[in-house]
Novice: 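Shown below is the structure under consideration.
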Amino acid sequence: MLEKKYDFKTREKYWQDFWQEKGTYKFDPQSNKPIFSVDTPPPTVSGKIHIGHIFSYCQAEFVTRFKRLQGYNVFYPMGFDDNGLPTELLVEKERGVKAYNLSREDFRKMCMETVEKYEEDYKKLFISVGNSADWSLFYHTVSPECQRTSQMSFLDLYKKDKVYYAEAPALWCTKCQTAIAQSELESEEKETTFNYIKFYIENSDEYVEIATTRPEFLCACDCVFVNPKDEKRANLVGKRVRVPLYNYYVPVLADDKVELDKGTGVVMCCTFGDQTDTQWFKKYKLELKVAIDDYGRMTKLAGKYEGMKTKEARAEIIEDLKNQGLLIKQEPLTHQVFVHERCKNEMEIKLKKQWFIKTLENKQKWLELGDQIKWNPSFMKSRYTDWVENLMMDWCISRQKYFGVPFPVWYCKDCGEIIVADESQLPVNPLVTNPLHSCPKCGGNNFEPEKDIMDTWATSSVTPLVNTKWKTDDEFCKKMLPMTFRTNAHDIIRTWDFYTIVKNYYHTDTIPWQNVMITGFVMAGNGEKISKSKNNAKADPANVIANNSADVFRYWATTGSLGRDSIFNEDKLKTGAKLVNKVYNASKFVWQFLEGYKPGEVPTLKPIDRWIISKFSQMQARFFDYFEKYEIGLAMNELESFFWNFCDNYIELVKVRLYNADEDAKNSAKYAMYGVMLELLKMFSIYIPHVTEEIYQNTFKDTVHTESINNTQFATLTISPDKDLIRKGEEACNVVSQVRGYKTDNKVSLKTELTTLKVTSPYDEFLNLCADDIKDATNAREVVISHGENLSVEVLGVVESNQ
RNA sequence: GGGAGUAUAGCUCAGUUGGUUAGAGCACUUGCCUUACAAGCAAGGGGUCGUAGGUUCGAGUCCUACUGUUCCCACCA
């Protein structure tokens with residue numbers, strides 16, 4: 001029996017403990033059920049988890065519950081990504097320290113402590129929202145096991161010549177003082193000025209006009225370009241021009257990258273002002289002139305501006321150009337500038353020795369692999385292909401930071417040879433361990449360890465390899481790869497998805513997963529993105545859960561359709577609370593009649609009972625279809641609207657029968673209610689697992705005999721969707737509805753007794769078969785049904801009550 | 001500049017392959033304590049489906065153009 005009231009505050013915790021204790025969500029490696037494996041992106045430990053994260057993880061989690069109920073052996077590990085720049089920034093902020101002021105060891109220890117504390121909170125939060133991951137499969141990317149996999153990945157790439165160490169133009173953040181990858185760039189709109197500057201032609205009084213936004217690069221100018229088709233300036237090619245302020249001469253070259261109608265049509269090339277400069281640098285083997293140092297200050301090359309921040313130098317230089325009559329004009333300009341996504345600092349390009357993974361040479365392959373994966377929703381695939389098609393640089397994976405996975409690499413001090421670790425040494429920290437052997441090239445024994453650490457994405461893009469025990473358990477790995485299902489929000493398609501596809505292909509020749517589910521974002525009330533900097537995440541997930549229950553929170557997470565952003569909406573929480581309440585009450589009510597009922601042979605069914613089963617089957621089919629497309633919100637809509645209809649129409653039609661009728665008539669209703677209610681609870685358990693478990697344990701468990709509702713499986717009912725039958729049943733509901741309307745219009749109670757009800761309908765035959773149910777639901781003494789073109793319902797009289 | 005999503009009731013959103021009078025929840029109005037639930041039930045008001053064309057017997061749904069909006073990519077001369 002169910003208690004009168006359901007108290008989520010005590011019961012949710014109770015069931016969460018129950019599930020963990022019983023291992024309800026455990027993957028069974030021995031089972032021969034089909035496997036559904038999930039590669040969930042491990043949340044980055046970079047601060048508090050906001051409501052959008054939980055939203056996204058809930059959506060993915062609904063799918064795993066669905067698959068479990070479909071009879072799959074679900075492999076659903078959860079992990080955290082707890083190394084690299086994002087974590088360092090968190091620790092520095094929280095502790096008020098700067099990594100470079102501390103010893104590596106001290107900083108590392110500090111990071112570990114912080115990470116542990118956060119992960120404890122993260123885990124609690126996930127469990128408190130009813131997440132059904134198998135925590136025995138837990139991993140975190142800074143653990144020795146994951147470090148081993150990341151380093152193993154590096155060694156494998158090295159062996160296959162897919163990773164290289166080279167001095168190349170790299171994107172550089174002067175604030176974080178590290179190289180970063182193209183995928184870590186964001187663009188921001190900034191106001192600046194276009195400065196039109198005179199470059200005098202050698203031995204002439206004439207000059208060419210060059211427009212630039214960054215005159216502080218004048219000291220690093222290598223040459224000037226015009227377009228080869230530019231007839232007006234064809235005579236300039238081969239001549240030299242004088243760089244203003246610095247008064248040295250550079251050649252004028254022609255290159256078709258120059259756009260005629262941009263700026264003045266003449267460009268100065270500096271090393272490096274932008275991406276095009278790096279291409280010209282390579283193509284024309286230009287001299288490297290470094291104007292800006294690692295900290296974003298002008299170098300010696302800048303002369304009197306040395307030591308100034310770039311923007312200060314720019315202002316001074318413009319002033320000086322003005323004074324010397326070299327500045328023609330200035331124009332305001334708004335343009336997109338690349339900034340580092342983590343700190344929003346403007347990007348520089350520096351020539352640096354870094355490790356790169358080859359991505360450019362296989363663009364076609366990446367696209368093919370993208371085609372092999374099923375993207376949901378399908379339109380999100382274009383984010384992937386767009387990104388691949390526009391890749392400009394190989395993936396730079398070395399970071400000049402401290403807390404992360406070290407490269408298993410040393411350099412021979414004598415001959416400079418690169419020495420990589422032996423697999424048996426992994427995980428290895430080259431700062432404290434030496435290679436196993438002398439330098440293979442010169443036999444030397446002096447080694448310079450690689451101090452850099454790997455990009456956080458380089459370590460988190462191996463999650464399918466970690467999960468499937470790559471290079472640890474070959475048999476398991478073979479069985480599990482490619483994984484079935486990957487889910488993430490649309491912001492990390494170009495990083496997590498792309499890099500994971502790249503690495504998995506290099507290592508195992510396959511795609512990492514067969515299906516991808518891309519979730520949307522949660523937007524703040526005004527429709528803007530929730531972000532830490534704006535501090536507009538009004539609702540803290542832990543509070544929302546504590547105040548509304550995990551089930552209600554999860555209900556809210558069904559908002560909207562897949563891949564689309566949703567706005568956080570308090571109303572939806574209210575609706576969820578009502579639903580939970582209704583499910584509980586309906587179950588309690590239904591169970592009154594089903595107590596002691598033993599499901600068995602199909603009895604002779606009354607038309608209304610046939611109707612509700614058929615209608616259920618129709619809804620169930622749609623529900624399954626939506627889930628196949630991971631449309632968890634639309635599936636919920638189907639389920640929910642059926643359920644309210646079930647309560648307000650079906651239950652109302654049969655309840656008097658269940659109280660008063662003969663055994664056969666009762667049994668028909670019981671049969672329908674038992675089947676439909678049980679299946680409804682299973683479906684609801686995907687979304688609101690706590691209340692449904694509470695109900696199941698106190699009701700159906702005695703006849704179904706599984707330890708938890710989560711261990712049950714979906715069943716199809718005996719009557720399949722039948723449009724004609726469904727239409728007829730709805731006619732019966734319409735009759736009842738019209739009578740209710742009559743009573744409402746006349747401001748009398750719905751239980752008011754009627755004398756005679758006169759009905760005409762094209763479905764009179766069917767209505768006659770369920771006349772008793774209609775009579776009961778409308779509380780009429782007599783119902784007369786005859787044939788007619790359209791439905792008409794007439795109340796002939798009301799029985800006057802004495803009270 | 002290239003691409004994608006989106007535009008339906010005051011708000012948040014459904015509307016499957018084109019098919020009668022366009023739906024739900026919230027909000028609003030009114031009535032009802034009905035042998036589950038007042039966190040409930042019932043009834044109701046409210047929309048020329050972004051604009052303009054087109055295809056069709058028939059368009060919220062398909063096509064074209066435009067407009068608004070959000071996002072991705074490119075654009076730092």
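A, B, ... follow the sequence lines: proteins, then strands. Residue 1 opens every chain.
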Novice: Heavy-atom nearest nucleotide on RNA chain B for Tyr6(A) versus Lys588(A): which residue maps closer to 5'?
Specialist: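 Comparing both residues, the 5'-ward one is Lys588(A).
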Novice: Would you classify Thr575(A) as touching base, sugar-phosphate or nothing, given that sugar-phosphate means primed atoms plus P, OP1 and OP2, and contacts are heavy atoms under 4.0 Å?
Specialist: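 Sugar-phosphate only.
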Novice: Is the cationic atom of Lys670(A) (NZ for Lys, CZ for Arg) positioned less than 6.0 Å from the six-membered ring centroid of Tyr597(A) and within 45 degrees of its normal?
Specialist: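 No, Lys670(A) does not sit over the ring of Tyr597(A).
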Novice: NA contact type, Leu750(A), heavy-atom cut-off 4.0 Å: base, sugar-phosphate, or nothing?
Specialist: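 Counting heavy atoms under 4.0 Å across all strands, the contact made by Leu750(A) includes a base.
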Novice: Counting primed atoms plus P, OP1 and OP2 as sugar-phosphate and everything else as base, spell out the protein contacts along nucleotides 3-19 of chain B at 4.0 Å heavy-atom distance: B, S or - for each nucleotide, 5' to 3'.
Specialist: -SSS-----S-SSB---
Novice: Separation of Leu653(A) atom CG from A36(B) atom C1', in whole Å?
Specialist: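 One finds 16 Å between C1' of A36(B) and CG of Leu653(A), rounded.
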Novice: Using a cut-off of 4.0 Å on non-hydrogen atoms, how would the nucleic acid contact of Leu333(A) be classed: base, sugar-phosphate, or nothing?
Specialist: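 The residue Leu333(A) makes sugar-phosphate contact but no base contact.
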Novice: NA contact type, Val258(A), heavy-atom cut-off 4.0 Å: base, sugar-phosphate, or nothing?
Specialist: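 The residue Val258(A) makes base contact.
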Novice: Write down the distance between CD1 (Ile651(A)) and P (C41(B)), rounded to a whole number of angstrom.
Specialist: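 Interatomic distance, CD1 of Ile651(A) to P of C41(B): 11 Å.
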Novice: Would you classify Ser737(A) as touching base, sugar-phosphate or nothing, given that sugar-phosphate means primed atoms plus P, OP1 and OP2, and contacts are heavy atoms under 4.0 Å?
Specialist: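 Sugar-phosphate only.
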Novice: Report yes if at least one side-chain N or O of Tyr659(A) is closer than 4.0 Å to OP1 or OP2 of A36(B); otherwise report no.
Specialist: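 Yes.
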Novice: Considering only atom P, compute the distance from U48(B) to U67(B) and round it to an integer number of Å.
Specialist: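 Roughly 24 Å separates the two P atoms.
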Novice: If you measure from CG on Asn195(A) to CD on Glu216(A), what distance do you get to the nearest 0.5 Å?
Specialist: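 The CG atom of Asn195(A) sits 9.5 Å away from the CD atom of Glu216(A).
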Novice: Where the side chain of Lys262(A) is concerned, which of C75(B), A43(B), U35(B) is the nearest nucleotide?
Specialist: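 Nearest to the side chain of Lys262(A) among the choices is C75(B).
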Novice: What's Glu652(A) touching, base or sugar-phosphate or nothing? Going by heavy atoms closer than 4.0 Å.
Specialist: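 Result for Glu652(A) = base.
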Novice: Rounded to whole Å, how long is the line connecting atom CD of Gln275(A) with atom P of C76(B)?
Specialist: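 Roughly 9 Å, once rounded to whole Å.
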Novice: Between P on A24(B) and CG on Leu579(A), what's the gap in Å once rounded to a whole number?
Specialist: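 Value for this atom pair: 17 Å.
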Novice: Would you confirm whether the ring centroid of Tyr555(A) sits within less than 6.0 angstrom of the ring centroid of Tyr687(A)?
Specialist: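 No, the ring of Tyr687(A) stays outside the 6.0 Å limit from the ring of Tyr555(A), centre to centre.
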Novice: What does Gln182(A) touch in the nucleic acid at a heavy-atom separation under 4.0 angstrom: a base, only the sugar-phosphate, or nothing?
Specialist: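 Sugar-phosphate, backbone atoms only, no base.
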Novice: Could you give the distance separating C11(B) and G3(B) at their C1' atoms, to the nearest angstrom?
Specialist: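 So the two C1' atoms sit 31 Å from each other.
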Novice: Charged N to carboxylate O below 4.0 Å: is that the case for Arg657(A) and Asp773(A)?
Specialist: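 Salt bridge between Arg657(A) and Asp773(A), a charged N being under 4.0 Å from a carboxylate O: yes.
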Novice: Using a 4.0 Å heavy-atom cut-off, does Ala211(A) contact any base of the nucleic acid, only the sugar-phosphate backbone, or nothing at all?
Specialist: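 Sugar-phosphate contact only.
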Novice: Whole Å only: how far is the CD atom of Glu389(A) from the C1' atom of G1(B)?
Specialist: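 Roughly 16 Å, once rounded to whole Å.
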Novice: Applying a 4.0 Å non-hydrogen cut-off, can you work out what Trp591(A) is touching in the nucleic acid: base, sugar-phosphate, or nothing?
Specialist: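 Counting heavy atoms under 4.0 Å across all strands, no contact is made by Trp591(A).
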Novice: Within 45° of the axis and under 6.0 Å from the centre of the six-membered ring of Tyr763(A), does NZ or CZ of Lys728(A) qualify?
Specialist: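 Ring-cation test returns no.
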Novice: How is Cys647(A) classified with respect to the nucleic acid when contacts are heavy atoms under 4.0 Å: base, sugar-phosphate, or nothing?
Specialist: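 Base contact.
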Novice: Indicate every side-chain donor-acceptor pair of residues 622-632 of chain A with a distance under 3.5 Å to a residue at least two apart or in another chain.
Specialist:
residue: Glu628(A); atom: OE2; partner: Gln70(A); partner atom: NE2; Å: 3.4
residue: Glu631(A); atom: OE1; partner: Leu562(A); partner atom: N; Å: 3.0

Novice: So do Thr575(A) and Lys578(A) actually touch side chain to side chain, heavy atoms under 4.5 Å?
Specialist: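 They are not in side-chain contact.
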Novice: When you measure from the side-chain N and O atoms of Gln592(A) to the phosphate of C37(B), is any distance below 4.0 Å, counting only OP1 and OP2?
Specialist: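 Negative; the distance criterion is not met.
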Novice: If the cut-off is 4.0 Å, is Lys582(A) near the phosphate of C41(B), judged by side-chain N/O to OP1 or OP2?
Specialist: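 Yes, such a contact exists.
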Novice: Take the protein atom NZ of Lys574(A) and the nucleotide atom C1' of A24(B), then report the distance between them rounded to whole Å.
Specialist: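 For the pair Lys574(A) NZ and A24(B) C1', the rounded distance is 16 Å.
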Novice: Quickly work out the Phe338(A) CZ to C76(B) P distance and round it to whole Å.
Specialist: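 About 8 Å, once rounded to whole Å.
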Novice: Between atom NZ of Lys257(A) and atom CH2 of Trp280(A), what is the distance when rounded to the nearest 0.5 Å?
Specialist: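 Taking NZ in Lys257(A) and CH2 in Trp280(A), the distance rounds to 7.5 Å.
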Novice: Would you indicate what Asn746(A) reaches in the nucleic acid, counting non-hydrogen atoms under 4.0 angstrom: base, sugar-phosphate, or nothing?
Specialist: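 Counting heavy atoms under 4.0 Å across all strands, no contact is made by Asn746(A).
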Novice: When you compare G23(B) with G15(B), how far apart are their C1' atoms, in angstrom units rounded to a whole number?
Specialist: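 Their C1' atoms lie roughly 7 Å apart.
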Novice: Distance between the C1' atoms of C57(B) and G47(B), in whole angstroms?
Specialist: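 Taking atom C1' in both C57(B) and G47(B), they lie 26 Å apart.
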Novice: Considering just the side-chain nitrogens and oxygens of Lys751(A), establish if one lies under 4.0 Å of OP1 or OP2 belonging to C33(B).
Specialist: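 For C33(B), neither OP1 nor OP2 has a side-chain N or O of Lys751(A) closer than 4.0 Å.
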Novice: Quick one: is Lys578(A) getting a side-chain N or O under 4.0 Å of the A39(B) phosphate, OP1 or OP2?
Specialist: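 For A39(B), neither OP1 nor OP2 has a side-chain N or O of Lys578(A) closer than 4.0 Å.
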Novice: Tell me: CG of Asn390(A) to P of C75(B), nearest whole Å?
Specialist: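 Asn390(A) atom CG is separated from C75(B) atom P by 8 Å.
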Novice: List for me each residue that meets side chain to side chain donor-acceptor pair (under 3.5 Å) alongside Asp230(A), sequence neighbours excluded, and say none if there are none.
Specialist: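 Result, side chain to side chain donor-acceptor pair (under 3.5 Å) vs Asp230(A): Arg233(A).
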